[in-house]
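Right, one structure below, let's go through it.
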Amino acid sequence: MDIFIPPKNISRICCIGAGYVGGPTMAVIADNCPEITVTVVDINKDRIESWNSENLKQLPVYEPGLENIIEKTRGKNLFFSTNVHEEIGLADIIFLCVNTPTKINGFGAGKASDLRWIEICAKEISTHAKGSTIIVEKSTVPVKTAEILKDILNTRLDEKSFTVLSNPEFLAEGSAINDLQNPDRVLIGGEDEASIEILSNIYTKWVDKPKIIKTNVWSSELSKLSANAFLAQRISSINSISAICEKTGANIQEVSKSIGSDNRVGHKFLKSGPGFGGSCFQKDLLSLIYLCEFYNLPEVSKYWEGVIQINNWQKKRISRLILEKLFGTLNGKKIAILGFAFKANTNDTRESPSICVCKDLIEEGAELYIHDPKVKATQIDKELTDEQYKKNESKRWHFCENIDLALQDCSAALIMTEWEEYTKIDWSEKEGLMLKPSWLFDARLVANINNLKKTNINYWRLGNKIIANKGTNY
Ligand code: UDX
Ligand code: ADP
């Protein structure tokens, strides 16, 4: 294992995991490297079938620009398959893009990452790989995971050899194709310089060389966790300020603009909202916190815990505010929820702030009418149906195909995702659908304010003073 002789020609890549990371990443590699055959494998048959679906609208991941690339490459040098073992055996490079969720049980539960899928893959690779193979960690993993991978791979070295590289993904959902095509940087961590060069040569087909950062494995793994922690921290920081704005009469958009105008801070990631969601931020923060605890750094772990605490508090304070404005009871009241995805331009609902707020409102007796242009009713069902809600005989939420159905006879509407179509709602037209007094709670600051001013709708915009403008003394 000490001397790794890398494969001479890279003609085949196998990616294990056909999810949000694996699918789009491999599509972009295949598009830029027509000489390489890229196969994405998954144990989930349905997912692979969807990736192979004739109808491109049925792809399991919605990303602007993805359908185009799939159309160009699928069946030429991009394939989706369930033949995991066979493809492992054929590959020169294997990307690991499997899920690494937070552990639910046992030591480190609620914080540490669950590496069982990584371990299963490592065992399968050690059994089925042939010759020398470069293993690339793409999934976000705790620092030192490469060590675990190496230990497992080393158990079967009959005529095979492996090297492990860390090449974390920085794509954000909704802009994944652009992020992959025009990355700020590509990070490659490893020990074997020749293998790093091989992976780097794949990226330089479309990425400028200076953007490729080469580090040791641990720096690369830690950089990914830290990058997400820094981004999440910016969101919690601005969200904490949004609450002060509401108390004082300052305006969060103005404050955010002023802060971001300092070049050292910059404008990005300073949008106040209902709290960060998505599969990465919370999970990676928890993983970082666990790492700090493991290395006996309690002050550091507390610092990062604060970022999660503010995020949870932001979601709770929205639910509490709605309850307060609707006279302290939501029993039997219809509330329209506009947006269930964790952000716009994705159908992903993982850790979406909508989940937490919807559950709170249901708990208070509200009846929810949920609209989202991309999330399916079955997905919402999965997120809102936990043991507690299964006990409820009657379903407390309904899926609405259009905005009007959601708004019909509602006491309040709540915007949770910044979908473009919500920016275009003409509230003076919708006002008649809603019960009086009606409320709009805009947690994304997307509703057309001039248009709202012309209505009798009372409104709350995150990080702004409440406007209960129609003579009612709220
Ligand atoms: C994130 C990282 O951006 C990406 O680099 C990493 O690889 C994966 O995790 P993603 O979760 O897809 O990507 O989305 P992102 O755009 O980062 O948004 C995460 C959450 O933060 C969303 O809920 C979003 O609405 C929220 N957010 C983002 C804000 O509330 N305000 C902002 O200014 C930016
Ligand atoms: P991510 O957002 O990181 O891409 P997803 O959950 O969307 O995460 O996708 C991970 C995929 O990895 C899932 O489709 C899952 O079925 C697949 N997977 C997990 N373990 C294995 C395995 N041992 N072999 C093949 N596929 C796997």
Side-chain angles (χ1 to χ4, degrees), residues 14-26 40-48 50-51 60-61 63 80-85 87-88 94-101 113-125 128 138-141 168-176 179-180 183-185 187 223-225 227-239 242 252 256 260 266-285 311 314-315 339 341-346 348-354 416-418 443-445 462:
C14 168
C15 167
I16 309 183
Y20 278 91
V21 174
T25 308
M26 292 305 124
V40 187
V41 294
D42 205 297
I43 39 172
N44 183 335
K45 254 178 96 182
D46 292 345
R47 234 181 193 182
I48 290 298
S50 307
W51 280 111
V61 170
E63 276 298 331
F80 295 90
S81 159
T82 48
N83 292 333
V84 181
H85 298 167
E87 291 300 332
I88 288 175
I94 299 175
F95 283 82
L96 293 180
C97 294
V98 295
N99 31 335
T100 52
S113 293
D114 191 341
L115 293 180
R116 78 177 84 170
W117 291 275
I118 291 275
E119 184 183 337
I120 293 169
C121 288
K123 286 182 179 155
E124 294 196 335
I125 293 169
H128 299 285
K138 233 334 145 201
S139 322
T140 307
V141 287
E169 193 44 76
F170 293 103
L171 64 83
E173 289 177 27
S175 57
D179 295 342
L180 286 161
D184 287 343
R185 79 304 210 182
L187 189 52
S223 299
K224 168 72 194 209
L225 286 187
N228 276 347
F230 270 56
L231 292 170
Q233 180 214 43
R234 272 174 83 96
I235 300 168
S236 279
S237 298
I238 199 71
N239 283 344
S242 74
I252 192 63
S256 170
H267 286 291
K268 290 184 182 163
F269 265 73
L270 281 184
K271 267 200 196 118
S272 191
F276 55 75
S279 66
C280 288
F281 283 175
Q282 169 147 319
K283 183 190 80 179
D284 291 353
L285 275 164
N311 199 51
Q314 181 81 343
K315 294 181 263 190
F342 78 95
K343 64 174 190 178
N345 294 321
T346 177
D348 196 348
T349 60
R350 287 177 287 180
E351 302 296 338
S352 174
S354 279
M416 286 297 288
T417 312
E418 71 281 25
R444 288 285 188 176
L445 297 164
L462 185 79

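Whatever order the structure lists them in is the order used to number ligands and atoms, beginning at 1. Note that the numbering runs from 1 along the sequence shown for the chain.
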Are there any N/O pairs under 3.5 Å between ligand 1 and the protein, and if so, what are their distances?
from, atom 1, to, atom 2, distance (Å)
ligand 1, 5 (O), F170, O, 2.8
ligand 1, 7 (O), E169, O, 3.2
ligand 1, 7 (O), L171, O, 2.9
ligand 1, 7 (O), K224, NZ, 3.1
ligand 1, 12 (O), E173, N, 2.6
ligand 1, 14 (O), K343, NZ, 3.0
ligand 1, 16 (O), K343, NZ, 2.8
ligand 1, 23 (O), G277, N, 2.9
ligand 1, 23 (O), F342, O, 2.9
ligand 1, 25 (O), R444, NH1, 2.9
ligand 1, 25 (O), R444, NH2, 3.3
ligand 1, 31 (N), K271, O, 2.8
ligand 1, 33 (O), L270, N, 3.3
ligand 1, 33 (O), K271, N, 2.9

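To the nearest 0.5 Å, atoms CZ (F170) and CG (L187) are separated by 5.0 Å. Rounding to the nearest 0.5 angstrom, the gap separating the CZ atom in F269 from the OG atom in S237 is 13.0 Å. Between the CD1 atom of I88 and the CG atom of N83 there is a distance of 11.0 Å, given to the nearest 0.5 Å. To the nearest 0.5 Å, atoms CG (N311) and OG (S236) are separated by 5.0 Å. Here the CD1-CD distance, from I94 to E87, works out to 10.0 Å after rounding to the nearest 0.5 Å. In this structure, I252 CD1 and S242 OG are separated by 5.5 Å, a value rounded to the nearest 0.5 Å.
With sequence neighbours left out, the ring-ring contact (aromatic ring centres under 6.0 Å, His included) criterion links H267 to no other residue.
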Pairs under 3.5 angstrom only: tabulate donor-acceptor contacts from the side chains of residues 272-283 to other protein residues two or more places apart or in another chain.
from, atom 1, to, atom 2, distance (Å)
S272, OG, N239, OD1, 2.8
K283, NZ, T100, O, 3.4
K283, NZ, T100, OG1, 3.1

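Residue K138 places its NZ atom among more than 12 non-hydrogen atoms of other residues, nucleotides or ligands, all under 6.0 Å distant.
If you look at ligand 2, the protein residues with a non-hydrogen atom under 4.0 Å away are I16, G17, G19, Y20, V21, D42, I43, N44, R47, C97, V98, N99, W117, I120, C121, R350.
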